[in-house]
Amino acid sequence: MAYDFARIEKKWQGVWEKEKPYAAVTGDKRPKFYGLIEFPYPSGQGLHVGHPRPFTAMDIVTRKKRMQGYNVLFPIGFDAFGLPTENYAIKNHIHPAIVTKKNIENFTRQLKMLGFGFDWDRVVDTTDPTYYKWTQWIFLQLWKKGLAYKATMPVNWCTSCKCVLANEEVVEGVCERCGSPVVQKEKSQWMLRITAYAQRLIDDLDDLDFIERVKIQQKNWIGRSTGAEVTFKATTGDDIVVFTTRPDTLFGATYMVLSPEHALVKKWMPKLKNADDVRAYQAAAASKSDLERTELSKEKTGVCLDGVAAVNPVNGREIPIFISDYVLASYGTGAIMAVPAHDDRDWEFAKKFGCEIVEVVAGGEDVQKAAFTAKDDTGVLVNSEFLNGLTVRQAIPAITKWLEEKGIGKAQVNYKLRDWVFSRQRYWGEPIPMVWCEKCGWQPLPEDQLPLVLPDVESYEPTDDGESPLSKMTDWVNTTCPCCGGPARRETDTMPQWAGSSWYFLRYMDPHNDKALASKEALDYWSPVDWYNGGMEHTTLHLLYSRFWHKFLYDIGVVPTREPYAKRTSHGMILGEGGEKMSKSRGNVVNPDDIIAQYGADTMRMYIMFIGDFEKAATWSDNAVKGCKKFLDRVWALAEAGPTGDDVTPEHEAALHRTIKKVSEDIDEMKFNTAIAAMMTLVNEFYKSKPSKGDMKVLLLLLSPFAPHIAEEMWEMLGFEGRAMSQSWPEYDESKTVEQVKELAVQVNGKLRSTVTVPADADDETVIDAAKADGKIARALEGMEIVKTIVVKNRLVNLILKPKK
RNA sequence: GCGGGUAUGGUGGAAUUGGCAGACACGCGGGAUUUAGGUUCCCGUGGGCGACCGUGCAGGUUCAAAUCCUGUUACCCGCACCA
């Protein structure tokens, strides 16, 4: 009989609203557990079926922790600043704050319908001035410590809209909205010095319980490389500084390449005989993003600077200088020494432009045919005077020492990580609390003037000069200098969305505090986050940014731990039917509201967990949802049948212990799909042999974190005391989970031939005798002798045979 | 291009981490119940008549490979102003 999920779910959600079973208690004597999910961006489309996957997963984890006696903090909030809301506001002439409020209400309704055990008294909203007051406060601390600074950076500039575009708004080099070409334009921007923390962000990963691919991806993103900085002299007398990881190949440097934006190119322009070509190349490079520049690099492009050359400091040879877009201004010094014999990109470039290829490391193929790039002891230096005969590993320190002695180079560590561009010329973000005074320069807003509230504006459109819409608010912009009291102007750029999400987990600990971002008591009690689950796509930006901010807050004594998150796991995406990404244009988007209306929240929760390996992408299937509904109907029918007997029945005892073990372990390892499969197996057992009330009790406790509404209803229906969710998590007895007899596979020469049943943990001799006694095996043994036997305890026996002579 | 992943029946996925491939579901076939459809309950279900063959593809290591190694193809995530 199908159960009335609509009535049951409404009933229990009402009960939870009143009883507040999910309230976290700061300072409680129970051990604490802080489970965190990435808070959603409240988009106008409402919740996507992708959201409930991580939410349900952590809901299950935290519900189990509560039953195991933990004081659980499982909060929710909204990361509500950002581009889509702003664009919606521009289009519809509605204040983004109103749009945000409406969207948050819709998200809240949907989240409550799914029965998540969030502590609803701790909701945070990044666009609330009482929240972003502290985002601004953290910025001021960064500024005071010299970690926030202004620098000129290239931005995407739409030549028609006359505004700065986000990378996402640039599609194949043109503006997403109007289709006009987009160029790179220099703009003064606020920057955060995350590079100052590069080494610590790598080193401290070692102590964290993050899944390996997250650690690897972060390390590669930070991209530490060791090498040397070498100064080349140009024929003009200028110094050209390069970074290289292969100083040992210095004798093989046959040309140099500067990025098209390199300052020296501008300086040399009047002297260049081919200045027009150079300018044309610079303009072409300006229209490409870094990604396109490196992607298109299959076919290398560049221009040789005619009229200037460089001198290789080790051998005094004059070598040509090129500009090419495969050298990025943002990495290293924006200039390289090119060693075509031992670098693939340089080799390709040299082949195209006819540069000389000089072998300096022997041991590979002919360097005229391919670059030899091994950086270990397989290569030996040649054509390199005092380095000849050394291996690459020996030559690197030798040449580095030589360079240092001559004063033309030094050992250098370089990171791919770049400082964080923190300015946005947009309205819907936190105002940056800085003031520009002609006399005193940039001055921070005094802390007692925070929050610096985002003023209302008439239009949210970016201005023609590329400034934020705030720049038109002259009343707001014109202010007095906090330092000298003279006339001054406010910064009109706002912060990126990453700002609010870099510290939100701290605010959850004490969300209503108006004296500090959170009290010391709350921070000491709840830190660190015990388990943070989120998407892989956030690994290199959000996750790294928030680790950076946290380390900074630790350094200034605000937070008690060096790292924000003790453990990090990651979920896969939910794809639409057919295995494609869900999107409006494909028309394969599944709305959780529809699923809940048709099958109920518990079925939705069960299915999204049963769909497949939590860490991998999974394909939505409407049909498979029904299977989970059927399972809940079957459990319901067992309860409705009115089981009797408070004790566990002997015929189900072993199965119950095994199921408790499997479900307990699987939840800890996020293998929710197999946990549910184990419960299904148990229910199939219950259909073969009727369960007692005591058997059902165990099943309901195991089911409760997954399907809390129906579990609670059946708990009450069977007359158990209190609430299922507040009982102790069931324990299992290991000795009762093991089987008394085992069925072993019998292989002959590695191929399965039969099976035998023997007592558990039987010794080798017993197993081999049993195998030989088996009819099929006995036949296979005729005329053969056993050369070798392999017994794997409780698993299999493998007999290796050969014909008797 | 660079960095990180993934690939198993008709479908979603299991596989104690080198030890009986396909648990649990969906779908499909058969049966029971039902006036009928649906629901529910039972049984069967990788391929091949068979010796056997089967975990993207090609090799290798091993008594034994979905799992380890080498090469290769396809797809997914990220690439710094989307969140």
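To find a chain, count down the sequence lines: A is the first, B the second, and so on, and within it residues start at 1. The basis for the numbers below is simple: all heavy atoms, side chains too, and nothing from hydrogens, waters or symmetry mates.
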Legend entry - Closest to the A:Gln425 side chain, choosing from B:C81, B:G27, B:C52: B:C81

Legend entry - By ring-ring contact (aromatic ring centres under 6.0 Å, His included) - contacts of A:Phe5 (at least two apart): none

Please tabulate, one pair per line, each protein N/O and nucleotide N/O from nucleotides 77-80 of chain B that are separated by under 3.5 Å, including the distance.
residue : atom : partner  : partner atom : Å
B:G78   : O2'  : A:Thr540 : OG1          : 3.4
B:A80   : O5'  : A:Asn167 : ND2          : 3.2
B:A80   : N6   : A:Lys416 : O            : 3.1
B:A80   : N1   : A:Arg418 : N            : 3.0

Legend entry - Involving RNA chain B, stems made of at least three consecutive Watson-Crick or G-U pairs, both distances under 3.5 Å: B:1-7 with B:73-79, B:10-12 with B:24-26, B:27-32 with B:40-45, B:56-60 with B:68-72

Legend entry - With sequence neighbours excluded, residues passing salt bridge (Lys or Arg N to Asp or Glu O under 4.0 Å) with A:Glu734: A:Lys661

Legend entry - Those residues that, when tested against A:Arg605, pass salt bridge (Lys or Arg N to Asp or Glu O under 4.0 Å) (two or more places apart): A:Asp59

Inset, instruction - Indicate, with a heavy-atom threshold strictly under 4.0 Å, whether A:Gln189 touches base, sugar-phosphate, or nothing. - result: base

Inset, instruction - For A:Val746, answer base if it contacts any base atom (sugar-phosphate contacts may also be present), sugar-phosphate if it contacts only those atoms, and nothing otherwise; contact means non-hydrogen atoms under 4.0 Å. - result: nothing

How would you list, by chain and number, every residue that makes a side-chain contact (heavy atoms from CB on, under 4.5 Å) with [X], sequence neighbours excluded?
X: A:Ile786; answer: A:Lys772, A:Leu781, A:Thr789, A:Leu801
X: A:Glu491; answer: A:Lys150, A:Trp190, A:Ile432, A:Met434, A:Trp442, A:Asp493
X: A:Lys91; answer: none
X: A:Ala624; answer: A:Tyr607, A:Ser621

Inset, instruction - Say whether, by atom type as modelled, one donor and one acceptor occur between the side chain of A:Trp428 and the main chain of A:Ala80 under 3.5 angstrom. - result: yes

Inset, instruction - List in chain and number order the residues that pass side-chain hydrogen bond (donor to acceptor under 3.5 Å, both in side chains) with A:Tyr545, two or more places apart in sequence or in another chain; answer none if no residue qualifies. - result: none

Legend entry - Contact pattern, 5' to 3', of nucleotides 59-70 of chain B - B, S or - by protein heavy atom under 4.0 Å: ----B-------

Legend entry - Any residue of residues 677-687 of chain A with a heavy atom less than 4.0 Å from an atom of RNA chain B: A:Ala677, A:Met680, A:Thr681, A:Asn684, A:Tyr687

Inset, instruction - Ignoring hydrogens and angles, state whether a donor on the side chain of A:His538 or A:Glu38 is under 3.5 Å from an acceptor on the partner side chain. - result: yes

Legend entry - A:Arg345/A:Asp343 salt bridge by N-O under 4.0 Å criterion: yes

